[in-house]
Amino acid sequence: MAELTFRIEIPRPAASELSVRLQVPTPRSVPGHAPLEELTLFMPTWTPGSYLIREFSKHVVGPRAFDGSTRAPLPCVKVAKNRWMITLGRDTSSVDVEYTVYCHELSVRTADVTPDHAYWNNACVLLWPVGQRSASADITVCIPTQWSLTTSLPVIAETATTGSSLRNITIHASDMDRAFDCPCLAGSPKCIEWSSLGVPHRIVLDDLSGLTPPSTLAGDLDRIVSTTAKIFGGTLPYGNYTFLCLLTQDGHGGLEHLDSTTLLHSRTQLATRKGYLEFLSLAAHELFHAWNVKRLRPSEFVQLDYEAETFTPFLWLIEGWTAYYDDLICLRAGVFSAADYLTALGKNIQALLNNPGRLRTSLADSSFDAWIRLYRPDENTRNSSQNYYGNGAVAALCLDLLVRAQSDGTKSLDDIIRSLYETMPSDRGYALDDVLAVVERIGGQKARDYLVEAISGPFDPPLREVLAGHGIGLTLKDTDQLHLGLQFEPNGTVVASVGRNSAAWMAGVMPGDEILAVGGLRVDASRWSEVFTAVAKAQQAIELLISRRGVIKTIRALPAKSPGVAALEILNSADDKPRQLRDLWLQPGAVSKH
Ligand SMILES: [Zn+2]
């Protein structure tokens, strides 16, 4: 019998509410201890893997507390934004708590209840007693009989009442971390099962709305799983794995868990080759996290504080290395062609070129600030900090290619991350010195020095040179085109962001300015490109007529050459060594020996 028991019901799906009842034992006479006089419950303010305070408690109504035996109401007072304190009666030996949670946000991180499904993360639904981190919990979910429940927590009981349209399914969480790690989906999804390396896997597709998933889906995911396992030594770290997939009109995202992931993707995009490959890359990304972050983790993630930010300087490793491997795994698994892979890599390089903040705030500092920058972006974010996903992936690429070149292709980033995984105890977690020691042992002093420089200072890697050493050419196309370095808000010519050091920045254009005319010609969203291209000439100032906070002004700007569009190609003329290194790096199925 678990210490905590939860019962979750869906009384009126169209109201988007879950009704929750929690029972907590409150022993009054523990030898050697004063009787417990109060019980405090909390709801997490964020969910691991998504580094933003989301204030899940704003959706809680209630709670009300009762003596578990007499049903007498107990005082229950809110004492913090996400905490409630219950005063216990003299003889209270257990407390019943009842509350509802409003669930109307369909994302991988939140909760959504409709007449067609109920999806939730326990971190935004369960109130947990403060100080009872190791308490186990039985969670009974009451759902319509025709629905199934998808969760990676073990099912310990299932009851259907004859004549009732509802049934109860009870799942068990061994402790608080396990309970909060697990997403749940109740509904009528399509489930496809297979075995990878002898371990059960499944993909559960919610809301296909009559569409048929690609027939290659399970086979491709199977190859992605075994390719990923090979990097980490050939075995899987879990007893079963669920790809829980929420299909929607638009959107794209994922959240990692110990032995499952929630993916969100456009259902119609899944039917296109491009959208399907993006989906597989997302699935590979979240699966890679089953090792990188869910088990191999920094020391600050060993005991997470669910009520406040858990800062880490390591998101360049947690997310950046994962973002490097997601596409590489798809290539090795044979689901990406070399051209698909180079296109994906080119996008990361392009994003890096459009991120002036990489020269001002390091990858480590940008990681630390994820909570207030990357997850709360504004017009200045790209000028002031780095995207540790894409730029972290490019830093991983450079480290990988350096180690490969230094060792004549006998060592790679695979050896580094595998060694980190095998040597770092997950109950202690790693510190920077641990990571650097492994990098130095496998890649040498040069690799260590490179990594220190890449994560702690301005990030401006010599990409052309690094890639040429592996027989890949990097060219920047369309550099003869002129530009100002502006980004517009959707459907207009209001400036959303001005790239630092760009032509517009030098001229004094500011975010929020609305550009009305260029060189005396009226512009709007549909004609901006055409008019600007006709009017702009290199090294000749043009006049911009703008509206700034309601005042019309004229600004003179000197259009500059575009930084270009990054394109990667296989250099057929490469010498033997770069060619051999390229083959080792990019051939399907390639994982360095260990
Ligand atoms: Zn990730």
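All residue numbers in this chain count up from 1 along the given sequence. Just so it is clear, the model here is predicted, and its values are computed rather than measured. We count ligands from 1, going down the list as the structure has it; atoms in each ligand are counted the same way.
The atom of Glu319 that is an N, O or S and sits closest to the Zn ion (ligand 1) is OE1. Distances from the Zn ion (ligand 1) to each N, O or S atom of His285 single out NE2 as the nearest.
Side-chain atoms of Tyr238 and His201 include a donor-acceptor pair closer than 3.5 Å.
Considering Gln269, Glu278, His265 as possible partners of His252, the one that fulfils the side chain to side chain donor-acceptor pair (under 3.5 Å) test is His265.
Residues satisfying the side-chain contact (heavy atoms from CB on, under 4.5 Å) test with Pro461, not counting sequence neighbours, are Val394, Cys398, Phe459, Leu463. Residues passing the side-chain contact (heavy atoms from CB on, under 4.5 Å) test with Ser367, sequence neighbours excluded: Leu315, Trp316, Tyr388.
Distance check for Glu286 against the Zn ion (ligand 1): none of its N/O/S atoms falls below 2.8 Å.
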